[in-house]
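What follows is a set of notes on a single structure, which appears directly below.
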Amino acid sequence: MFVLSTRQRRRVLAAELVSTAVFPLAITGATAVVPEVTARLPGPDALGPWVVLAYNGLFAAALLLAGATADRTARTGFFAVGNGLVAVTGVLSAFAPDLPSLVALRVLAGVGAAMCAAGGSSMILAVYPPEERRRVYGYSGAVLGGSLALGPVVAQALMAVGGWSLVFLAPAAVAALAALATSGLPGLRAPGTPGRFDLAGAVLFGVTVAAAVTGLGLGLGGGVPWWGPGGLIAVAVAGAVLLVRVERRAAEPAIPVDLLRIPAYRAYGLATGAFMGMLVVGLTVLPQLGAVQGMGPGTAAVMLSLLTVPSTVLPLVAARLARRLARAQVTVALFACAATAVVLQLTERPAALLGAAAVVGLCLGLTEGVPDGQALAYVPARRGGAGAALFSTTRMSLETLVLAAATGVMAALGPAAGLAVAGATCLVAGVVVSRAVPGGRRDRGRPVRRRTPGGRPRATPRS
């Protein structure tokens, strides 16, 4: 742990929160502008979806390498560089001359976002002791939930005011503020010489995750040739096989396998992926079911508000409850989401849709940030970047897998069946959490060993 003044720790937290707000807008905004940029910019129309897929794929691919690098360098500097890269690529994207250039810039933006996410978590774990992290992750959950809920609205408003260019410029400006917020802070570089880094394992892991996430995100149908996603999945499988062989021979494997051996860490990773899968599938399925039932625009807006608004106002309440009830919070919410999916298989009336949106929204709001904080309580501060990166990779990969599976099922059986896929994932995650995580007061994370005051690294505050 690094000892900083209260003011410096607040600056670290403020920088991380500002950076966190960028990520949802970067995704929802890019999704909203795909039709317009495809129509306006020269280049093959097939590149349009890659404005989003390139960002998501490289974000997932670079997370592990970014996390390991953040733990081995000056954390605040690494975080600032990541936000600077997001800011620069955002400005350049707003003035991209063609689609190939825009996709290339989105690749770099995805790498920068991975640096922001890993660097921010590494900073938080380095300066906040375990007993304060639940509150910190409550703030992060509130910001992330609010950004997810308001992202589509903000993106549409930006397009109405300044066109598609403004959708890239606005996140760039916010990322620049996050980078500036770290100015003058200590570097938070871990003392000692780090061991040899498994670069081959990290690169293989990135290629495997990028190919899998992009292939699943691309999906089948909609004019996509089968060999596109099929080839990417084949690359992912080959990469996974080669990765296992490389990691078995590595003296210090890139993938923190020891963290994966912690049952609670694995369980909370599964839980957060299930929650995000329920959210993204719900945002797709509920409006479709509402349209079938003749739901008007006003009622549909209320339904989506019930699904998303709780994530903006309840995370701080969730953080307080998590002090003693973390496992119960997560398991009850997962089982409630699963039960809601079952109900919608039996009836699709407007009242049932509104009730389902309210229940799922409440469950998401009361667990926003809780699995993250609980899982990272098992991660030593010196490995915070790697632990957070692996956790985020698990979440994004499972979220993408659930959405891809739900999309395929919906094409064959209808919208409600897609929600059944997300509900089944929540049911499995609920069972795993209830069995793998100790309950009650024991659910406080593995104690992190601290050095004696004389041997503890300190960051000298500046006046």
Side-chain angles (χ1 to χ4, degrees), residues 23-61 86 88-113 151-172 207 209-236 280-281 283-285 287-288 291 396 399-401 403-408 410-412 415 418:
F23 181 63
L25 182 58
I27 294 178
T28 56
T31 302
V33 303
V34 165
E36 185 173 351
V37 297
T38 303
R40 289 179 175 271
L41 295 181
D45 290 348
L47 286 178
W50 289 93
V51 174
V52 178
L53 292 172
Y55 182 92
N56 289 352
L58 265 295
F59 175 82
V86 171
V88 171
T89 55
V91 173
L92 294 178
S93 295
F95 300 98
D98 49 44
L99 276 176
S101 300
L102 180 58
V103 171
L105 289 168
R106 293 292 287 173
V107 168
L108 295 176
V111 174
V153 177
V154 173
Q156 294 296 333
L158 291 173
M159 288 183 65
V161 172
W164 66 268
S165 297
L166 192 58
V167 175
F168 292 109
L169 286 174
V207 170
V209 172
V213 170
T214 307
L216 292 172
L218 192 59
L220 296 173
V224 178
W226 67 267
W227 47 265
L232 288 169
I233 297 300
V235 170
V280 296
V281 173
L283 287 172
T284 302
V285 169
Q288 293 183 20
M396 173 169 280
E399 171 192 344
T400 305
L401 179 61
L403 181 59
T407 302
M410 283 190 293

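- Atom CG in L25 sits 6.5 Å away from atom CG in L158 (nearest 0.5 Å).
- Residues satisfying the side chain to side chain contact (heavy atoms under 4.5 Å, CB included) criterion with P100, sequence neighbours excluded, are L47, D98.
- The closest side-chain heavy-atom distance from T89 to R106 is not below 4.5 Å.
- Residues passing the side chain to side chain contact (heavy atoms under 4.5 Å, CB included) test with A406, sequence neighbours excluded: V281, V421.
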* Asked: Can V167 and M159 be said to form a side chain to side chain contact (heavy atoms under 4.5 Å, CB included), step by step?
  -> CA-CA 6 Å; V167 175; M159 288 183 65; 3.4 Å; yes
Output side-chain donor-acceptor pairs under 3.5 Å for residues 51-58, partner residues at least two apart or in another chain, one line each.
none

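- Taken from CG in L105 to OG in S93, the straight-line distance is 4.5 Å, to the nearest 0.5 Å.
- Residues V235 and A211 approach most closely at CG1-CB, 4.0 Å, considering heavy atoms.
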For a quick test of your reading: what N or O donor-acceptor pairs under 3.5 Å do the side chains of residues 31-43 make, sequence neighbours left out?
{"unit_1": "T31", "atom_1": "OG1", "unit_2": "I27", "atom_2": "O", "d": "2.8"}
{"unit_1": "E36", "atom_1": "OE2", "unit_2": "R40", "atom_2": "NE", "d": "3.1"}
{"unit_1": "T38", "atom_1": "OG1", "unit_2": "V34", "atom_2": "O", "d": "2.6"}

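- Residues passing the side chain to side chain contact (heavy atoms under 4.5 Å, CB included) test with A94, sequence neighbours excluded: S165, F168, L169.
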